[in-house]
Structure formats: structure tokens, C-alpha cells
> 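A single structure is presented below for examination.
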Amino acid sequence: MKKFSELVVGDSLYYYEDKDESFKGLQITEIKKIKKSLLIFCELGNFCVIKFLINNTEDDFCIIDLNC
């Protein structure tokens, strides 16, 4: 398993979907470094983009935008 700081465009982030009881993958399309944080863009289907803001602690993140 990679740390957030080791992720590159093309990698996937996985999340657990309770209704299906399965893991789903989101492909990383863009990564921007902002001070000590990372802003990671992922596609959810053909028309949705999710933005994750990850701070420098490697285990703390927040979904800051879901645009469909």
C-alpha cells in the first residue's frame, strides 16, 4: 500500500461502498501540491470529479468537492 505522498496520476484510490459491501476504485487524474497538502482529483464515472484534500499527516483527508 502506498502513502498518499507516493501516489501518481493513473493510480487508484479505493473506498468501501456499504450498499454493495465491496471496494470501489477511483482513478487519479490530477495531483496538485499546495504548501504541505495534496489536492487529488479523481473521476467517478464519466461526468463526476471528486477532489480530496490531504494534509501532511498521511492519514487525514477530506473530500472537499464532488462535481457532477
Side-chain angles (χ1 to χ4, degrees):
M1 184 182 303
K2 291 183 176 183
K3 295 179 181 181
F4 286 123
S5 60
E6 297 172 337
L7 293 173
V8 296
V9 172
D11 284 347
S12 294
L13 290 177
Y14 291 89
Y15 67 96
Y16 183 77
E17 193 165 288
D18 209 21
K19 68 178 180 180
D20 295 340
E21 296 185 358
S22 63
F23 286 92
K24 306 287 183 182
L26 299 171
Q27 186 173 13
I28 297 173
T29 58
E30 185 178 353
I31 299 174
K32 292 183 180 180
K33 186 164 179 144
I34 304 170
K35 296 185 182 180
K36 294 184 178 182
S37 300
L38 293 175
L39 184 59
I40 297 179
F41 297 80
C42 295
E43 289 182 357
L44 177 62
N46 294 331
F47 302 105
C48 295
V49 175
I50 298 175
K51 295 178 190 172
F52 293 90
L53 183 62
I54 300 167
N55 73 13
N56 60 346
T57 63
E58 288 295 336
D59 60 0
D60 190 15
F61 70 93
C62 179
I63 297 174
I64 60 169
D65 188 28
L66 173 59
N67 189 358
C68 294

> Tell me the closest heavy-atom pair linking Thr29 and Val9, and the distance in Å.
O-CG1, 3.6 Å
> Considering all heavy atoms of both residues, which atom of Phe52 and which atom of Cys42 are nearest to each other, and what is their separation?
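So the two residues come closest at CE1-SG, 3.9 Å.
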> Among all residues two or more places apart in sequence or in another chain, which pass the side-chain contact (heavy atoms from CB on, under 4.5 Å) test with Glu30?
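With sequence neighbours excluded, Glu30 shows a side-chain contact (heavy atoms from CB on, under 4.5 Å) to Lys32, Phe41, given in chain and number order.
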> Nearest 0.5 Å, what's the OG-NZ distance between Ser12 and Lys24?
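It is 13.5 Å, given to the nearest 0.5 Å.
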> Output the distance between atom CD1 (Ile28) and atom CG (Leu7), rounded to the nearest 0.5 Å.
4.5 Å
> When clusters are formed by joining ILVMFWY residues with side-chain heavy atoms under 4.5 Å apart, either directly or through shared neighbours, do Val8 and Ile50 land in the same one?
no
> To the nearest 0.5 Å, how far apart are OG in Ser5 and NZ in Lys36?
14.0 Å
> Please round to the nearest 0.5 Å and tell me the distance separating atom CG of Leu26 and atom CD of Glu43.
9.5 Å
> Please enumerate all residues that pass side-chain contact (heavy atoms from CB on, under 4.5 Å) together with Asp18, with sequence neighbours excluded.
Tyr16
> How would you list, by chain and number, every residue that makes a salt bridge (charged side-chain N to carboxylate O under 4.0 Å, His left out) with Lys2, sequence neighbours excluded?
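Counting only residues at least two positions away or on another chain, Lys2 forms a salt bridge (charged side-chain N to carboxylate O under 4.0 Å, His left out) with Asp11.
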